[in-house]
Amino acid sequence: MPRTVIVSNRLPIKVQRTEDNLTFQSSEGGLATGLGSIYRADGNVWVGWPGLYVQDESEEEYVRAQLAEDSMAPVFLTESEIRDYYEGFSNGTLWPTFHYFAQLAVYDDALWQAYVAVNEKFCKAVLAQTGPEDTIWVHDYQLLLLPEMLRKARPNATIGFFLHIPFPSYELIRVLPWRDELLRGMLGADLIGFHTFGYMRHFLSAVSQLLGLANHNGQIETPTRTVLVDAFPMGIDHARYAEVAASAAAQAHVSEYREALREVRVILSIDRLDYTKGIAQRLRAFELLLQRYPEWRSQVSLLMVVVPSRDQVAQYASLKEEIDELVGRINAQYRTISWNPVHYFYRSFPLDELAALYSMAEVAMVTPMRDGMNLVAKEFVASKADQRGVLILSERAGAARELSDALIVNPTDTGQLAEALHEALVMPEEEQITRMANMQALVRQYDIFAWTKLFMDRLAYAKTQQLSLATSMLSPTVVQKLEQAYQQSQRRLLLFDYDGTLAPFHSNPQRAQPDQELRLLLRALSDNPQNRVVIISGRDRETLEKWLGHLPIDFIAEHGVWLRSAGDEWSLFQELRADWKRDIRPVLDLYVSRTAGSFIEEKDYSLVWHYRRADAELAAGRARELTSHLTFMASNTDLQVLEGNKVVEIKNAGINKGTAAARWVSTHHPDFILALGDDRTDEDTFRALPADAYTVKVGSAPRSLARFHVAGTTEVRNLLRKLL
Ligand code: GDG
């Protein structure tokens with residue numbers, strides 16, 4: 001039976017060295033809860049670092065055996081590996097870059113080498129646990145290279161990847177010296193997940209601009225596979241937080257805290273120590289609140305929990321100092337004998353105490369500069385049994401995409417933050433309840449279990465879809481069957497794309513006219529009254545007519561815009577507009593003037609920018625730029641941008657080769673269909689045809705909706721000759 005393996009930097013367990021033993025304590029993190037049902041299931045396993053340096057092999061064996069009992073398999077890392085791969089490259093290079101703190105990032109090749117080596121170490125450990133058909137789910141930024149490494153060793157495995165931190169704009173990614181390797185590493189997966197649509201968009205754009213791989217509806221076409229990219233906002237175990245907050249233990253803590261604080265109202269702040277979390281800015285905002293609204297003095301306290309983290313790193317140590325100083329300053333300035341403005345804790349709390357803080361606080365201030373998601377925001381919401389309380393949430397936390405009933409703020413705008421605090425403190429109870437109820441409904445529905453299921457389902461779907469796009473070679477046996485079916489039928493529909501299918505590409509499209517062999521082939525096929533030969537092309541009608549108009553064949557021109565049955569007049573598929581060309585043409589002109597060798601082809605209802613004759617590298621870059629430029633201009637219009645073979649085309653949406661092909665099928669009721677095509681626009685044809693049609697993709701990348709594929713135009717002609 002295929003297994004599922006979870007991989008992350010850290011295992012969900014705390015292993016601690018006591019004087020004469022090791023203790024194992026499973027950690028209660030959200031991810032571990034969500035994935036519990038998966039990795040603990042029969043035969044499955046979670047692979048990761050146990051967070052402990054082992055002393056010798058016998059200890060290694062002991063730890064391995066202990067962890068195996070809880071479905072975990074350790075990757076042992078040395079102190080220098082942790083220093084260079086984890087603290088160095090992961091937290092010193094990737095973390096700041098991905099959180100838009102590029103000025104803090106270090107670029108050190110030795111750290112990069114360590115990152116590669118440790119990813120390889122993880123790869124080995126995972127391979128030892130998996131077979132060729134298994135499912136592997138890799139987590140987070142410490143393991144960006146792992147999916148590709150696994151793919152090389154396990155070409156058929158189902159591999160998912162989820163990034164827990166933001167994926168930044170292309171402008172940040174491009175700064176990294178190892179950017180291409182990192183992106184390729186991720187693309188080893190079948191499904192790549194992010195918390196938000198925005199991160200996903202940034203990733204797609206980076207892949208397009210740096211690797212030249214286009215995407216369609218979140219699917220990236222690599223030379224060998226289709227990779228699905230999607231957004232999966234992570235949730236929490238809502239029921240558990242609600243339960244713990246209401247528990248006797250937590251409520252006992254609430255009473256105890258209340259007694260100490262008396263009537264003072266509480267604003268809560270909880271984070272790991274990190275410069276991305278906006279902790280210092282939050283303190284300044286609280287200070288500003290006390291300045292602007294003196295009435296809150298003695299009335300409100302900020303309860304600030306900072307969980308120690310990465311404090312070996314210089315930047316973290318200096319952030320800690322800054323926070324210490326700010327807290328000292330505010331308290332020194334405003335405190336009274338009976339009131340403390342800031343209660344500051346530099347440590348972590350057990351869950352029931354944390355729940356008590358959530359439950360007691362009237363306001364939670366979650367204002368990171370950048371945060372992949374931020375679970376604290378969701379935990380606060382889940383803990384509010386009476387639905388009173390206000391969440392102040394940074395617009396730059398992933399959670400803000402979902403929790404729109406929070407007071408959404410710009411975390412760098414201290415003035416706005418102070419105002420939001422004031423607004424939260426005076427918010428009427430009914431409004432608090434309405435907002436909180438909305439947020440609770442969302443956090444309850446999209447909890448961690450829903451998240452896990454959604455990702456796993458989507459991963460399975462990505463794989464099925466890949467398999468459905470795997471065409472088979474048009475083997476001699478299939479050709480034989482096809483010939484037989486052809487011979488036995490009377491009303492045959494033969495749909496042929498032109499460029500790249502019947503005729504090879506030419507650097508000047510006007511010189512790709514049919515040679516004599518092709519003309520004779522088409523003549524012979526179309527002279528047979530049982531055949532209906534249709535050229536289904538993106539070309540303009542004049543050219544098709546000039547080249548092949550003397551033959552008794554039908555035409556579908558301009559990707560389905562113009563239609564002509566043999567001997568008839570041209571007609572439009574439906575009335576279309578072309579006035580948009582006035583606005584779009586100047587944009588294309590601009591790209592022609594910037595890209596020597598490229599040119600524009602103007603058709604009745606579309607404009608095409610050709611770059612086959614331009615410098616390949618320059619043109620590939622320009623094509624990507626033009627595509628996004630046009631896509632931007634075409635948003636909210638009924639125009640559509642197509643990337644074809646060395647062309648970018650903009651045309652009216654809704655009409656394509658598929659809609660036209662379907663019309664031929666419904667008019668002529670064929671009992672045999674053969675469709676040949678080489679590019680993306682032909683996929684519309686393949687999609688529109690009945691399942692038993694012989695659909696054949698022409699060209700080297702065999703992924704297609706077609707059932708079969710052949711290598712090129714020569715093979716196409718051989719096939720047609722066989723039919724005669
Ligand atoms: C990364 C991304 C993304 C905090 N203090 C205590 C404590 N915590 C728990 C919270 C919460 C967790 O730690 C923090 O999670 P966040 O999501 O806020 O932040 P990161 O650790 O940076 O996590 C983040 C996340 O991955 C998931 O994808 O949301 O954006 O940066 O669960 O409750 N727990 C206990 N005591 C504490 O004092 N017991």
request  = Start with the C-alpha distance between Trp580 and Ile650, add both sets of side-chain angles, then the distance that settles side-chain contact (heavy atoms from CB on, under 4.5 Å), and finish with yes or no.
outcome  = CA-CA 10 Å; Trp580 53 266; Ile650 180 154; 4.0 Å; yes
4.5 Å side-chain heavy-atom contact, Asp230 and Tyr461 = no
key: From CA spacing to verdict: side-chain contact (heavy atoms from CB on, under 4.5 Å), Leu588, Leu630   = CA-CA 9 Å; Leu588 296 191; Leu630 291 177; 4.1 Å; yes
query = Hey, mind stepping through Ile655 and Tyr605 against side-chain contact (heavy atoms from CB on, under 4.5 Å) and telling me if it holds?
reply = CA-CA 11 Å; Ile655 298 184; Tyr605 295 98; over 6 Å; no
key: Note, Ser606 side chain near Val561 side chain (heavy atom, < 4.5 Å)   = no
ask   = Do Lys657 and Thr681 meet the criterion of a side-chain donor-acceptor pair at a distance under 3.5 Å?
value = yes
query = When rounded to the nearest 0.5 angstrom, what distance separates CG in Leu146 from CD in Glu120?
reply = 10.0 Å
inquiry  = Testing the basics here: between Asp497 and Leu502, what is the closest heavy-atom pair and its distance to 0.1 Å?
reply    = O-CG, 3.3 Å
ask   = Does CD belonging to Gln510 count more than 12 external heavy atoms closer than 6.0 Å?
value = yes
key: Check ion pair Arg532-Asp554 (N to O, under 4.0 angstrom)   = yes
query = Within 45 degrees of the axis of the six-membered ring of Phe505 and under 6.0 Å from its centre: does Arg612 put its NZ or CZ there?
reply = yes
ask   = Taking all atoms of both residues into account, what is the closest heavy-atom pair of Pro509 and Phe599, and its distance?
value = CD-CZ, 3.4 Å
ask   = Ion pair present between Asp682 and Lys697, side-chain N to carboxylate O less than 4.0 angstrom?
value = no
query = Rounded to the nearest 0.5 Å, how far apart are CZ of Phe232 and CZ of Phe162?
reply = 8.0 Å
key: Non-hydrogen side-chain atoms of Leu187 and Leu213 separated by less than 4.5 Å   = yes
Side-chain touch Leu163/Ile192, heavy atoms, less than 4.5 angstrom = no
message = Surrounding CZ of Arg577 (heavy atoms of other residues, nucleotides or ligands, distance under 6.0 Å), is the total greater than 12?
response = no
request  = Please determine if Arg663 forms a cation-pi arrangement with Phe573, meaning its NZ or CZ atom is less than 6.0 Å from the six-membered ring centre and no more than 45° off the ring axis.
outcome  = yes
ask   = Does the salt bridge (charged side-chain N to carboxylate O under 4.0 Å, His left out) test come out yes or no for Asp190 and Arg225, once each step is laid out?
value = CA-CA 8 Å; Asp190 299 301; Arg225 283 167 319 114; 3.2 Å; yes
ask   = Say you draw a straight line from CG of Leu676 to CD1 of Ile536; how long is it, rounded to the nearest 0.5 Å?
value = 11.0 Å
ask   = More than 12 non-hydrogen atoms from neighbouring residues, nucleotides or ligands closer than 6.0 Å to CD on Glu517, yes or no?
value = yes
query = What is the minimum heavy-atom distance between Arg154 and Thr130, and which atoms define it?
reply = NH2-O, 2.6 Å
remark   = Looking only at heavy atoms, the pair that brings Asn119 and Leu144 closest together is OD1-N, 3.8 Å
inquiry  = Just verifying a value: how many Å separate Leu563 CG and Phe555 CZ, rounded to the nearest 0.5 Å?
reply    = 12.0 Å
NZ/NE/NH1/NH2 to OD/OE distance under 4.0 Å, Glu649 and Arg680 = no
inquiry  = I need the minimum non-hydrogen distance between Val5 and Gln129, along with the two atoms involved.
reply    = CG2-O, 4.3 Å
inquiry  = Between the side chains of Asp515 and Arg717, is the shortest nitrogen-to-carboxylate-oxygen separation below 4.0 Å, so that they form an ion pair?
reply    = yes
inquiry  = Working to the nearest 0.5 angstrom, can you tell me the gap between Leu482 CG and Ser475 OG?
reply    = 10.5 Å
message = If you count every heavy atom of other residues, nucleotides or ligands that lies below 6.0 Å from Lys646 atom NZ, does the total exceed 12?
response = no
message = I'd like to check Val116 versus Glu181 (side-chain heavy atoms, cut-off strictly below 4.5 Å). Are they in contact?
response = no
query = Are more than 12 heavy atoms from other residues, nucleotides or ligands located less than 6.0 Å from atom CG of Asp42?
reply = no
Close side-chain approach of Met456 and Ile38, heavy atoms under 4.5 Å = yes
query = Looking just at side-chain N and O atoms, do Trp137 and Thr4 make a donor-acceptor pair shorter than 3.5 Å?
reply = no
ask   = Which heavy-atom pair separates Gln219 from Leu228 by the least distance, and what is that distance?
value = CG-CD1, 3.5 Å
ask   = Does Tyr591 have Arg594 sitting over its ring (NZ/CZ under 6.0 Å from centre, angle to axis within 45°)?
value = yes
message = I'd like to know if Asp604 and Arg541 make a salt bridge, using a cut-off of under 4.0 Å between side-chain N and carboxylate O.
response = yes
query = For Ile159 and Arg151, what are the C-alpha separation, side-chain angles and deciding distance, and is it a side-chain contact (heavy atoms from CB on, under 4.5 Å)?
reply = CA-CA 8 Å; Ile159 304 176; Arg151 176 66 59 202; 3.7 Å; yes
